[in-house]
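Working notes for the structure below.
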Amino acid sequence: MTRQEILNELQKVISPYTTNKEMLAQINEDTDLLKDLKINSANLVDIIIDAEAKYDIEIDYDEADKMMNVGSCIDVISEKIGQKQ
């Protein structure tokens with residue numbers, strides 16, 4: 001999967017958890033989940049769980065801790081997908 005494909009899928013995963021739909025439409029790798037998308041920490045956990053289910057991967061605590069912006073989420077997901085193959 002390319003970074004853009006993961007970004008497009010991640011946008012769908014994040015959608016139910018943000019009220020800032022305008023910012024979600026302009027999502028990029030620099031988008032901060034907490035500040036830009038106004039996602040609270042509890043919903044951040046839900047997003048990680050949804051991403052695990054979507055990509056059939058496991059994200060550990062240290063990796064989850066890195067997932068503060070979209071680019072770092074893509075990094076973690078693409079690394080995990082690569083390990084599966």
Practice prompt. For Gln4, enumerate each residue passing the side-chain hydrogen bond (donor to acceptor under 3.5 Å, both in side chains) test, keeping only those at least two apart in sequence or located in another chain.
Written response: Asn8
Worksheet item: Would you say the side-chain atoms of Glu5 pair up with the backbone N or O of Thr2, donor to acceptor, closer than 3.5 Å?
Response: yes
Worksheet item: Where do Tyr55 and Leu10 come nearest, in terms of heavy atoms and distance?
Response: OH-N, 4.0 Å
Discussion item. List the residues meeting side chain to side chain contact (heavy atoms under 4.5 Å, CB included) with Asn28, not counting sequence neighbours, and say none if there are none.
Written reply: Asp30, Thr31
Discussion item. Within this structure, what is the CD1-OG distance for the pair Ile6 and Ser78, rounded to the nearest 0.5 Å?
Written reply: 5.0 Å
Would you be so kind as to tabulate the donor-acceptor pairs closer than 3.5 Å made by side chains of residues 44-52, with sequence neighbours excluded?
residue	atom	partner	partner atom	Å
Asp50	OD2	Tyr17	OH	2.6
Glu52	OE2	Ile59	N	2.7

Discussion item. To the closest 0.5 Å, what do you measure between CG (Leu33) and CE (Met68)?
Written reply: 8.0 Å
Fill in: Of all pairs that satisfy side-chain hydrogen bond (donor to acceptor under 3.5 Å, both in side chains), the ones with a partner from residues 57-75, not counting sequence neighbours
Arg3-Asp75, Glu63-Lys80, Asn69-Ser72
Discussion item. For the CD1 atom of Ile39 and the CD1 atom of Ile14, what is their distance to the nearest 0.5 Å?
Written reply: 5.5 Å
Please tabulate, for side-chain N and O atoms in residues 20-27, each donor-acceptor pair with protein atoms closer than 3.5 Å (sequence neighbours left out).
residue	atom	partner	partner atom	Å
Asn20	OD1	Met23	N	3.1
Asn20	ND2	Asp36	O	2.9
Lys21	NZ	Ser15	O	2.4
Lys21	NZ	Thr18	O	2.9

Fill in: Contacts of Lys54 that satisfy side-chain hydrogen bond (donor to acceptor under 3.5 Å, both in side chains) - sequence neighbours left out
Glu9
Fill in: NZ-CG distance between Lys12 and Leu7, expressed to the nearest 0.5 angstrom
11.0 Å
